[in-house]
Number of protein chains: 2
Amino acid sequence: MPMNATPRQSDKAAARAANSQLVRDFGLLIKSATRLEQRIDSALRRECGISHTMLEVLIRLCRQPGEEVSQRQLADDLTLTSSGTTRLIDRMEEAGLVRRLPSPEDRRVALVEPTDEGRAVFLRAAPVHARVVEECFVKPVAPDDYARLTSALSEIHQALGEDAG
Amino acid sequence: MPMNATPRQSDKAAARAANSQLVRDFGLLIKSATRLEQRIDSALRRECGISHTMLEVLIRLCRQPGEEVSQRQLADDLTLTSSGTTRLIDRMEEAGLVRRLPSPEDRRVALVEPTDEGRAVFLRAAPVHARVVEECFVKPVAPDDYARLTSALSEIHQALGEDAG
DNA sequence: AGTCAGCAATTGCTTGCTCAGTAATTGAGA
DNA sequence: TCTCAATTACTGAGCAAGCAATTGCTGACT
């Protein structure tokens with residue numbers, strides 16, 4: 001494997017790879033998603049006093065009454081580690097938004113349930129969330145593109161789920 | 001503003017809003033982007049010893065020789081605060097990947113320049129990056145959808161850039 | 001019954017970021 | 001020319017996440 005002082009052919013190829021359209025498209029995805037999430041997060045903090053992550057938890061807990069969710073399930077849904085989830089739920093419990101209760105079926109699992117306060121906050125936050133999504137995500141996209149966008153995202157998401165290594 | 005014990009009509013509407021297709025589509029975007037970035041990041045750490053963020057810096061520094069970039073510019077490009085950028089460059093300088101030099105035009109700005117080591121790492125990392133992007137982002141998407149995906153992303157990105165408040 | 005591999009949750013430590021506040025420098029207007 | 005608001009970078013403090021190691025529990029296999 002010879003190493004020259006002057007750039008080799010393959011070096012130029014590598015440099016080109018980093019600037020390829022595909023890689024830039026990818027960058028656009030990451031950047032847009034990052035900014036979107038920041039937008040949502042700051043709107044929620046300002047108007048409702050909770051983070052976006054906390055709202056995502058509440059969304060899953062408030063689907064229907066009596067349907068508690070395990071931390072494991074939340075972790076998977078939110079793309080978090082279990083330790084991250086533990087501490088997220090700690091903070092939400094501290095804030096009076098949720099409550100932990102032991103699972104009757106498996107004493108390892110901690111089920112999470114919203115408090116009345118949690119439900120109330122959810123009801124205030126959901127429209128804020130929906131509003132920002134509408135403004136920053138749905139509205140800017142041409143209707144023709146929208147369907148393709150979501151199907152592309154599903155494909156990506158599914159591919160990522162399969163080879164979960 | 002009357003408050004009843006039983007859920008009001010508007011509460012149901014709020015709950016429905018949180019479960020609307022639009023909001024779920026948005027969730028899919030966030031989740032896919034998060035996972036994609038994790039994938040890239042861990043591949044780069046494992047195979048090249050740098051984070052995804054660091055590679056993004058190197059990409060911008062290695063475009064062409066002699067084109068130094070200010071930290072401000074990097075911060076904007078990477079969606080970071082300026083203090084985050086300061087410390088990122090601190091770490092990269094520590095690792096011997098980049099060097100700071102004062103701007104001759106404006107003594108406030110710190111220009112950033114890659115070292116030889118930084119360029120070498122970039123050349124090793126770029127193909128890894130490209131490979132994962134290809135596998136996880138480009139390949140899973142049907143060709144018909146791909147063009148729409150990127151145009152949708154551009155529209156979103158542009159909309160986010162305009163009302164930068 | 002007894003063992004043991006595996007999973008859920010938690011905890012200590014580290015990392016990578018933000019926020020708020022500071023200092024130096026610039027450029028535009030009185 | 002002087003002043004002053006805006007801009008660039010840096011620093012201290014704090015927060016939210018990850019990783020690694022631990023505990024308690026479960027279910028499967030001998």
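Chain letters run A, B, ... following the sequence lines, proteins first and then strands; every chain starts at 1. The figures that follow rest on heavy atoms only: side chains count, while hydrogens, waters and symmetry mates do not.
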Salt bridge (charged side-chain N to carboxylate O under 4.0 Å, His left out) with E67(A): which residues, sequence neighbours excluded? none
Would you indicate, yes or no, if dA8(C) has its OP1 or OP2 atom less than 4.0 angstrom from a side-chain nitrogen or oxygen of Q73(A)? no
Answer with yes or no whether R108(B) presents, from its side chain, a donor or acceptor under 3.5 Å of a partner atom in the base of dT26(C). no
For the base of dC25(D), is there a side-chain donor-acceptor partner from R107(A) under 3.5 Å away? no
Side chains of S151(A) and D145(B): do they bring a donor and an acceptor to under 3.5 Å? yes
Name all pairs fulfilling the ring-ring contact (aromatic ring centres under 6.0 Å, His included) condition that reach into residues 32-71 of chain B, sequence neighbours left out, sorted by first residue then second. H52(B)-H129(B)
When you look at T115(A) and V98(A), which way does the side chain to side chain contact (heavy atoms under 4.5 Å, CB included) test go after all the steps? CA-CA 5 Å; T115(A) 60; V98(A) 302; 5.5 Å; no
Which whole-number value in Å describes the distance from [X] [atom1] to [N] [atom2]?
{"X": "R72(B)", "N": "dT25(C)", "atom1": "CZ", "atom2": "P", "value": "19 Å"}
{"X": "D106(A)", "N": "dG27(D)", "atom1": "CG", "atom2": "P", "value": "6 Å"}
{"X": "E68(A)", "N": "dA9(C)", "atom1": "CD", "atom2": "C1'", "value": "18 Å"}
{"X": "D76(A)", "N": "dA9(C)", "atom1": "CG", "atom2": "P", "value": "10 Å"}

Under 3.5 Å, is there a donor-acceptor pair between the side chain of R39(B) and the main chain of L160(A)? yes
Nucleotide by nucleotide, 5' to 3', does protein get under 4.0 Å of the base (B), only the sugar-phosphate (S), or neither (-) in nucleotides 15-22 of chain C, counting heavy atoms? -SSBB---
Pair S70(A), Q73(A) - check side chain to side chain contact (heavy atoms under 4.5 Å, CB included), show working. CA-CA 5 Å; S70(A) 72; Q73(A) 169 109 41; 3.5 Å; yes
